[in-house]
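Computed from a predicted structure; not experimentally measured. Values reported hereafter were calculated over all heavy atoms of this structure, with side chains retained and with hydrogens, waters and symmetry mates removed.
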Amino acid sequence: MNLVKQIWSELVGMFVDDGALATQIAVLVAAVTGAVKLIGIPPLWAATFLIPGCVVILATSIKRARRK
């Protein structure tokens with residue numbers, strides 16, 4: 001059973017190394033999706049929010065990792 005736990009931990013770690021980064025990206029995607037569906041923002045405009053938003057989130061994550 002311990003081997004299964006280790007394998008699962010490694011698999012999850014490959015995709016979610018920084019939990020805060022994954023959470024922030026998921027919230028950004030959900031917010032932009034909600035804006036497209038509920039408010040009616042054109043999808044092309046949504047992309048203009050997603051790309052800089054992801055870059056800012058990634059930059060803050062890198063900054064936070066450098067401090068550690």
Side-chain angles (χ1 to χ4, degrees):
M1 194 63 169
N2 194 18
L3 179 62
V4 174
K5 275 186 176 180
Q6 288 177 339
I7 291 172
W8 178 254
S9 174
E10 288 295 323
L11 283 173
V12 170
M14 284 190 331
F15 297 104
V16 184
D17 188 30
D18 184 5
L21 174 68
T23 303
Q24 290 171 350
I25 294 289
V27 168
L28 175 66
V29 170
V32 171
T33 301
V36 168
K37 298 290 184 183
L38 299 175
I39 300 172
I41 293 175
L44 188 58
W45 283 24
T48 63
F49 293 121
L50 275 176
I51 294 169
C54 287
V55 170
V56 168
I57 291 170
L58 180 61
T60 57
S61 176
I62 291 170
K63 201 180 217 183
R64 197 172 41 239
R66 287 179 65 189
R67 278 188 269 174
K68 287 184 181 180

With sequence neighbours left out, which residue pairs that include part of residues 52-61 fulfil the side-chain hydrogen bond (donor to acceptor under 3.5 Å, both in side chains) condition? Asp18-Ser61
Please determine whether residues Val29 and Phe49 belong to a single hydrophobic cluster, defined as Ile, Leu, Val, Met, Phe, Trp and Tyr linked transitively by side-chain heavy-atom distances below 4.5 Å. yes
From [X] atom [atom1] to [Y] atom [atom2], the distance as rounded to the nearest 0.5 Å:
| X | Y | atom1 | atom2 | value |
| --- | --- | --- | --- | --- |
| Thr33 | Leu50 | OG1 | CG | 7.0 Å |
| Trp8 | Leu3 | CH2 | CG | 14.5 Å |
| Leu28 | Thr23 | CG | OG1 | 12.5 Å |
| Ile62 | Leu58 | CD1 | CG | 4.0 Å |

Pro52 versus Ala47, closest heavy-atom pair with distance: CD-O, 4.2 Å
Nearest non-hydrogen partners of Arg64 and Leu21, listed with the distance: NH2-N, 4.3 Å
Any residue meeting side chain to side chain contact (heavy atoms under 4.5 Å, CB included) with Leu38, in chain and number order, not counting sequence neighbours: none
Between Ser9 and Gln6 (side chain of the first, backbone of the second, donor and acceptor by atom type, cut-off under 3.5 Å), is there such a pair? no
